[in-house]
There are 2 protein chains.
Amino acid sequence: MTQTEPTSSQQLGHTPRRQQILDIAADLFARRGFHGVSVAELGAACGISGPALYKHFPSKDAVLAEMLVSISERLLAEGSARAEASADPRSAIEALVEWHIEFALGHRALIVVQDRDWSSLPEDARERVRGLQRAYVDVWADQLKRAHHGLRTERAHAMAHAAFGLLNSTPHSALIPDGQMHDLLRRMALAALLPEADR
Amino acid sequence: MTQTEPTSSQQLGHTPRRQQILDIAADLFARRGFHGVSVAELGAACGISGPALYKHFPSKDAVLAEMLVSISERLLAEGSARAEASADPRSAIEALVEWHIEFALGHRALIVVQDRDWSSLPEDARERVRGLQRAYVDVWADQLKRAHHGLRTERAHAMAHAAFGLLNSTPHSALIPDGQMHDLLRRMALAALLPEADR
DNA sequence: GTGTCGGGTTAGCGAGCGCTAACCTACGAG
DNA sequence: CTCGTAGGTTAGCGCTCGCTAACCCGACAC
């Protein structure tokens, strides 16, 4: 229903504009905030002007919604896949950390928008994103509880949130090359998350 | 100049309103973002209505500016004081972590506003806040460099930012009592920041 | 008693916003 | 050849915003 048409040819190829808008919007929203970017500006940045956006999205809110819902889905899908594919809790946590760093380094703008402008979402999309995020946190929390015997659920959630904070700090400091940043974040996150006995 | 009058009786007592506005604004800005709160709303939340705010602040921007400048100053002042009062790098880092957690847990709203609406500041205040934040990061980075021999400056900065991300995650997860959260954050931060040999 | 002034009120301005309406083309299908 | 449609244009509506203007009133100084 939210898609235009689930025809056999998929929606690949007939919407480069749509994707371009999402990409550029992510960048602009990250820099100046959702409310700080007008549709005119966004359009201009895409080479078209103003109201032409409404040929691709029903509203400005919808751009934000699609952006945030889709990244929440990707984070959750790949995260839980990697966790399930792991042999033990320790390697599952390593895999989750690895995946989250990959994503955060590769999509800095989305990370910023996600936790800055989450509250600007229309009610239904906000609900959906919250559900997906909660599920993602649960994936982490489950593995943490298996790695630390006796860890309570709420504390595991808090640990996961803290880890996200650490890993998502990446857009705020682009001072060292991605490879080194990746390595640094992995080290710090694993030190913070794994029991001392393991490390 | 920015103060009304530096009389001998200080400015205590003749500005409960001013402080009230700052407190309530922090709360509202944290919840819905600087651009998401109108001056009318802010006034109403203070028991006065709309333009009465301009008897206390020259503009809406100025409210945000005073809020963010003052917390940046407090973070830096107390942080560098505690670091200097420490005997060795390890205990300096412990002291910094302790101070940052105290502050973050005690002023969740300010933490949120600081890194969400920083970019909405007028140019001069943004400059000032950036300077203060950089100095605060430097305090951390210096101690980290003394604790890890051979650590490069840029990497130390990245570590400090990552630690802030971890410690500032606190407003996103209020699910466990402050005491436990404090303890958890300290453990995770120190594990992430201190060399393995130390811990 | 009167004047000043801090701190409040309402009315309303100009600008910018999201969004709609109406129109214009290029183009692929029949 | 025609015509529907995808994807663009400009004009402009209605609303909200930050902020100013003009006024009001109670407390205190003298």
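Please read these numbers as outputs of a predicted model, since none were measured by experiment. Heavy atoms only: backbone and side chains are in, while hydrogens, waters and symmetry mates are out.
- One interatomic measurement links the two molecules: CZ of A/Arg17 to P of D/dT5, which rounds to 22 Å at whole-angstrom precision.
- Between B/Ser173 and A/His157, the side chains place no donor N or O within less than 3.5 Å of an acceptor N or O (distance only, hydrogens not considered).
- Of the residues in residues 57-64 of chain A, those lying under 4.0 Å from DNA chain C by heavy-atom distance are A/Ser59, A/Lys60.
- Classification of B/Glu102 and B/Arg186 as a salt-bridged pair fails, no side-chain N sitting under 4.0 Å from a carboxylate O.
- For A/His56, no side-chain nitrogen or oxygen approaches OP1 or OP2 of D/dA6 to under 4.0 Å.
- Across the protein-nucleic acid pair, A/Leu53 atom CG and C/dG18 atom P stand 10 Å apart, rounded to whole Å.
- The base of D/dG8 sits within donor-acceptor range of the side chain of A/Lys55, with an N or O pair under 3.5 Å.
- In this structure, A/Leu132 is a member of the same hydrophobic cluster as A/Tyr136, with clusters built from ILVMFWY side-chain heavy atoms closer than 4.5 Å.
- Tracing side-chain contacts under 4.5 Å through hydrophobic residues (I, L, V, M, F, W, Y), one never reaches A/Leu121 starting from B/Val112; they form parts of separate clusters.
- For the pair A/Arg82 and A/Glu78, the salt-bridge criterion is met [side-chain N within less than 4.0 Å of a carboxylate O].
- Salt bridge A/Arg31/A/Asp27: present, at least one basic N to carboxylate O contact under 4.0 Å.
- Residues B/Arg187 and B/Asp183 are paired through a salt bridge, judged by an N-O separation under 4.0 Å between the basic side chain and the carboxylate.
- Closest to the B/Tyr54 side chain, of the nucleotides D/dG18, D/dG7, C/dA11, is D/dG18.
- Residues from residues 30-49 of chain B lying near DNA chain C, meaning a heavy-atom separation below 4.0 Å, are B/Ile48, B/Ser49 in numerical order.
- For residues 109-119 of chain B, every residue pair satisfying the side-chain hydrogen bond (donor to acceptor under 3.5 Å, both in side chains) rule, not counting sequence neighbours, is listed here: B/Ser72-B/Gln114.
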